[in-house]
2 protein chains.
Amino acid sequence: MELRIPLSERTSGGSARERVYAMLREAIVSAELEPGRRLSENELGERLGVSRTPIREALVRLRDERLVAIAPQLGTFVTLISTQAVGDAHFVREALECSAIRLAATRARDGDLAALQANLAAQSHAEADRDATAFDGLDDALHKTLCGLSGHAIAWDLSRRANGHLDRVRRLSLPEPGYLGEMVAEHRSVVAAVAQGDPDAAEAALRHHLRMVLSSLPAIQAAHPHYFEES
Amino acid sequence: MELRIPLSERTSGGSARERVYAMLREAIVSAELEPGRRLSENELGERLGVSRTPIREALVRLRDERLVAIAPQLGTFVTLISTQAVGDAHFVREALECSAIRLAATRARDGDLAALQANLAAQSHAEADRDATAFDGLDDALHKTLCGLSGHAIAWDLSRRANGHLDRVRRLSLPEPGYLGEMVAEHRSVVAAVAQGDPDAAEAALRHHLRMVLSSLPAIQAAHPHYFEES
DNA sequence: GTCCGCGTACTAGGATACAAGTGCGGCACA
DNA sequence: TGTGCCGCACTTGTATCCTAGTACGCGGAC
C-alpha cells in the first residue's frame, strides 16, 4: 500500500533553508540591505556559505512578501518602501488582528489573562530599562498571544508575513521620548478590554493602537527619502 | 553608478515557473491530486515536462499555503483537509473581505457600480445556463473587484492564497438545486449595499454570504471522510 | 566631440549531479 | 512459520553546470 501520511512529523524548524530565509528577511527589514539595493544570488550565497539553491528558495518567499522584486536575467532588488505597500500591510494587520481580538475577548480564560499580564509587566521593565529590542520581542509576543487566543493562530502568521513593509518602517523609526510608555499604556487598555470580555472595546483599543505606527510614517519618509518610491 | 531599479518591468505573467505553480495548485484544489496523496518531485517533473527546480519552487509556495506538507527525506504529501484549516481560511477571508468592503462602500464610483452590475447580470446568465464553471469565475471576479474598490487589492490576493483548504471544500460540494440562485441573490444584496454607500449593511451582507460556504462542510466531510484529518 | 554598435561580463532560469537519510522488502535464522 | 536484521530503492536537500538574455563600456565611424 502506498504511504499516505508522513509518519514522523518533522518539527526541525532550524533547517538550513529556514535559517537562510530568516537571515535574509532580517537583513532586509532592518535595512542592513537597504531598499533599492541590488542583490546577487551568487554574492548572497558565498556570504552565507551556501549555494544558490537555498538562496533562490528564500528569495521566492521574500518576493511573495513583496520585500524583493526579481527581474529575470536582470537581477534581484530589495523593493523600495511604498506608501501603498505600507498602507496595504497596515490594512491587512488591522483586519486580521481586530477580527481575532474580538474572538479572543470572548474566549480568554484566567490562565491566558495571567500570561498577558506577565507580558505587560515585562514590557514595563523593558521600558524602564530603555531596552527597545526586548520591548519589540515582547510586543510581538503579546500580539501573537492575542491572535492565538482567538483560535486562529494563523492570523498572526499571515499578519507577520504581510507586514514586511510595515516592519521596515517600524525599525527605521527613531525612539522618541515617551514612545515606549505610550505603547505599554495602549497594550494595557487592549488587555483590559479582553479581560473584561468586551469585544467592541478590545477592537477599538487595538485599532487605535495599530494606527499609532502609521503616524510616524511621514517623518520616516522625510528622513530617508531615497528608501521610498516617489509617488 | 550601481543599477538600482529594474528598467523593464517584466509583465510576462505566463512564465514557466508560474504555470507550474498554477497547474499544481489547480490539481490539488480540484482534488485531482487527492488529499493524503504522496507526491514525487521527479514524477511531477516528468509529467509536466520540466526538471525538479521549478517543481520545488512551486511546492515551497504551496507549502506556505498549507496545501502540501514536505517531509525531508521522506516525501511530499498533499495535506488532508482539516476542519481547523478550513476554519482558519474562512476566518482570514471574512476578516479581509469584510474590512475591504467597508472601504469599498464609501469609495465606489458610478463606473465601478456599473461593472458590478454587469457582473451580476452575467451571473444570472450563468445560473440560467447551469454553467457552474462560468459562475465560479464570475464569483471570484466579483469578490476581487470588491476588494480592489477598497484600494487594497492585496486583500484579495491574500484571501485567495490563504483559502486553499476552503477552495477544496467548495470544489467538492455537489451542486444543490437552487444553490446558484441563492448565491446570485446574496451577491445582489452585497452590491446593493455598496451602491447605497452603507458600510454596515455591506459588511453584514458579505459576512452572511461568506458563511454559506461553510454550511456545506459537514456534508462534504461525510461524503469524503478519507480526505479529512480525523479530529 | 558625439553617437552608434558590438563584445564582454554579468544576471536569473533551468537541468543535472551528488549527498544524506528514510521506509520497506527480502533474506537469514531461530 | 515467525521474527529480526540488513540492503536497496526511493525520497528531499544541496551544489554545480549550462543556457538565454540583459546592461554597460569600449572602440570606431561620422
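Values in this document were obtained by computation on a predicted structure and should not be read as measured data. We use all heavy atoms of the structure for the numbers below, so side chains are in, but hydrogens, waters and symmetry mates are not. In what follows, chains carry the letters A, B, and so on, assigned in the order in which the sequence lines appear, proteins first and then strands, with residues in each chain numbered from 1.
Summarising the geometry, the separation between CD on B:E43 and C1' on D:dT12 is reported as 15 Å, rounded to the nearest angstrom. B:E41 places its CD atom 4 Å from the P atom of D:dT12, with the value rounded to the nearest Å. Note: CZ (B:F77) to P (D:dT11) measures 11 Å, nearest angstrom. When rounded to the nearest whole Å, the span between CZ of B:R38 and P of D:dT11 equals 6 Å. Atom CD of A:E18 and atom C1' of D:dT12 are 15 Å apart (whole Å). Rounded to a whole Å, the CZ atom of A:R19 is 14 Å from the P atom of D:dG13. In this structure, A:I70 places its CD1 atom 17 Å from P of D:dT22, rounding to the nearest Å. Counting to the nearest Å, the P atom of D:dC10 and the CG atom of B:L39 are 17 Å from each other.
Aromatic rings from A:H90 and B:H152 are positioned such that their centres are separated by 6.0 Å or more.
Heavy-atom nearest nucleotides on DNA chain C were determined for A:R56 and for A:G75, and the one closer to the 5' end corresponds to A:G75. Two residues, B:R52 and A:N42, neighbour DNA chain C, and the one matched to the more 5' nucleotide by heavy-atom proximity is A:N42.
Of the charged side-chain nitrogens involved, none lies within less than 4.0 Å of a carboxylate oxygen, so that A:R109 and A:D112 do not count as a salt-bridged pair.
In the set D:dA23, C:dT22, D:dT16, D:dT16 carries the atom at the smallest distance from any side-chain atom of A:S51. Nearest to the side-chain atoms of B:P54 among the listed nucleotides D:dA15, C:dA12, C:dG14 stands C:dG14. Each of D:dT16, D:dG13, C:dA12 was ranked by its minimum atom distance to the side chain of B:Q73; first place goes to D:dG13.
With hydrogens and angles disregarded, no donor-acceptor distance shorter than 3.5 Å links the side chain of A:E34 to the backbone of A:H226.
An OP1 or OP2 oxygen of D:dT14 is reached within less than 4.0 angstrom by no side-chain nitrogen or oxygen of A:T53.
Put simply, the side chain of B:R168 reaches to within 4.5 Å of the side chain of B:L67, judged on heavy atoms.
Ring geometry for A:Y227 versus A:H224: interplanar angle under 30°, hence parallel rather than tilted (30 to 60°).
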